[in-house]
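Numbers here are sequence positions counted from 1. Because only heavy atoms are used, hydrogens play no part in the values below, and waters and symmetry mates are left out as well, while side chains stay in.
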Amino acid sequence: MSERRQTHWNGVYRARHHRDVSWYQEVPERSLAFIHSTGVARDEAIIDIGGGASTLVDCLLDRGHTDVTVLDISAGAIEQARSRLGERAGRVHWIEADVTAFVPERTYAVWHDRAALHFLTDAQDRMRYVDVLCRALQPGGHVVLATFGPDGPLKCSGLDIRRYTVDGTRELLGAGFELLHHDLEEHVTPSGAPQQFLYTSWVRVA
């Protein structure tokens, strides 16, 4: 499964520039606002799951964050981001991995994901995802998830996806996480099509 996912996403980023993918945002305002609302200090660790070519890392560096990790399954996505950042790329921790097989060597204050979770249509993959999240997140740490919402697309980048509600996300994460905030966003793709995203913010309580 990991190899198939990696092959798919490397193909996407060989064929398309990061500004041309449907989920592109020049400035990810909603993600930045949700991360800021956690109260994370500029020297605390943030990990962006599936963040490959996203501009979130640029914006976090612009805002003075000094401990940013980007995890992505696609080497091509990471290379696009590193090239865009230039010498600033050396200030970021880059991890090429499938999140469901990721073995964290440290913990993080904030786990952000706007890219990976809704592509996990297999229940076992979702269980692995939550297990990795729990091993990677500090006690009292925060999770910011942006998934396709209840009226979001059924497919993205040629793949089936899983749409989420607040209650569905709560069921997935379990009793160890407390909901802080949620919001819906209608993202407009570069081609002008609408995509509904559900943003949720959680704090680890157990």
Q) Got a second to check how far Thr55's OG1 is from Leu61's CG, nearest 0.5 Å? A) 11.5 Å
(Q) If you count every heavy atom of other residues, nucleotides or ligands that lies below 6.0 Å from Arg42 atom CZ, does the total exceed 12? (A) no
Q.
Less than 4.5 Å apart, side chain to side chain, heavy atoms only: is that true for His182 and Thr169?
A. no
Q: Please check if the side chain of Trp94 supplies one atom and the backbone of Ala89 the other of a donor-acceptor pair under 3.5 Å.
A: yes
Q | Nearest non-hydrogen partners of Arg135 and Val103, listed with the distance | A | NH1-CA, 4.3 Å
**Q.** Minimum side-chain heavy-atom gap His187-Arg114 below 4.5 Å
**A.** yes
Q: Enter the distance from Asp113:CG to Ser31:OG here, rounded to the nearest 0.5 Å.
A: 9.5 Å
Q: Answer whether the closest heavy-atom distance between the side chains of Arg163 and Thr147 falls below 4.5 Å.
A: no
Q | Sidechain-backbone polar pair: Glu186 side chain, Pro194 backbone, donor-acceptor under 3.5 Å | A | no
Q | salt_bridge(Asp125, Arg128) N-O dist < 4.0 Å | A | yes
Q | Nearest non-hydrogen partners of Ser201 and Val144, listed with the distance | A | OG-CG2, 4.4 Å
Q.
Is there a path of hydrophobic side-chain contacts, each under 4.5 Å between heavy atoms of I/L/V/M/F/W/Y residues, joining Val130 to Trp111?
A. yes
Q) Is the distance between the ring centroids of Tyr164 and His118 under 6.0 Å? A) no
(Q) Tell me whether Phe148 shares a hydrophobic cluster with Leu198, the cluster being built from Ile, Leu, Val, Met, Phe, Trp, Tyr side chains joined at under 4.5 Å. (A) no
(Q) Test of understanding: clusters of I, L, V, M, F, W, Y form through side-chain heavy atoms closer than 4.5 Å, transitively. Do Leu137 and Val205 belong to the same one? (A) no
Q | Derivation of the side chain to side chain donor-acceptor pair (under 3.5 Å) call for Asp167 and Thr165 | A | CA-CA 5 Å; Asp167 287 342; Thr165 63; 5.6 Å; no
Q | Distance under 6.0 Å and angle within 45° of ring axis: Arg106 vs Tyr108 | A | yes
Q: Apply side-chain contact (heavy atoms from CB on, under 4.5 Å) to Glu44 and Val110, showing your working.
A: CA-CA 8 Å; Glu44 290 187 287; Val110 175; over 6 Å; no
Q: Report yes or no: does Ser74 contribute a side-chain atom to a donor-acceptor pair with the main-chain N or O of Gly76 at less than 3.5 Å?
A: yes
Q) Taking the side chain from Arg84 and the backbone from Ser54, do they hold a donor-acceptor pair closer than 3.5 Å? A) yes
Q) Between CG of Asp72 and CD of Glu96, what distance do you get to the nearest 0.5 Å? A) 8.5 Å
Q) Taking side chain as C-beta onward, heavy atoms only, is Leu32 less than 4.5 Å from Leu60? A) yes
**Q.** Distance in Å, Arg204 CZ paired with Leu133 CG, rounded so as to fall on 0.5 Å steps
**A.** 7.5 Å
Q: Considering non-hydrogen atoms only, spot the tightest contact between Ile49 and Ala116 and give its length.
A: CG2-CB, 3.9 Å
Q: Consider only side-chain heavy atoms of I, L, V, M, F, W and Y, link residues closer than 4.5 Å, and tell whether Val166 and Tyr129 are in one cluster.
A: yes
Q) Taking atom NE2 of His142 and atom CH2 of Trp202, what is their separation to the nearest 0.5 Å? A) 12.5 Å
Q.
Could you report the tightest heavy-atom contact between Val40 and Ala109, atom names first, then the distance?
A. CG2-CB, 4.2 Å
Q) For Phe197, is the NZ or CZ atom of Arg30 found under 6.0 angstrom from the centre of its six-membered ring and inside 45 degrees of the ring axis? A) no
**Q.** Atom pair CG/CE of Leu172 and Met127 - distance to nearest 0.5 Å
**A.** 10.0 Å
**Q.** Val57 vs Asp48 side-chain heavy atoms within contact, under 4.5 Å
**A.** no
Q. For the residue pair Val27 and Cys59, what are the closest heavy atoms and their distance?
A. CG1-SG, 4.2 Å
**Q.** Common cluster, Ile78/Val99, ILVMFWY with side-chain heavy-atom separation under 4.5 Å
**A.** no
Q. Any side-chain heavy-atom pair from Arg88 and Asp58 closer than 4.5 angstrom?
A. yes
Q: Before giving the answer on side-chain contact (heavy atoms from CB on, under 4.5 Å), spell out for Ile73 and Phe119 the whole-Å C-alpha distance, their side-chain angles and the decisive distance to 0.1 Å.
A: CA-CA 12 Å; Ile73 196 170; Phe119 285 107; over 6 Å; no
Q) If you take all heavy atoms of His65 and Ile46, which pair is closest and at what distance? A) ND1-CD1, 3.7 Å
Q: Report yes if the side chains of Ile35 and Leu56 come closer than 4.5 Å at any heavy-atom pair, otherwise no.
A: yes
(Q) I'd like to know whether Arg63 forms a side-chain contact (heavy atoms from CB on, under 4.5 Å) with His36, so could you lay out the CA-CA distance, the side-chain angles of the two residues, the decisive distance to 0.1 Å, and finally the verdict. (A) CA-CA 10 Å; Arg63 285 157 175 76; His36 178 73; over 6 Å; no
Q | Side chain proximity check, Phe177 to Thr200, heavy atoms < 4.5 angstrom | A | no
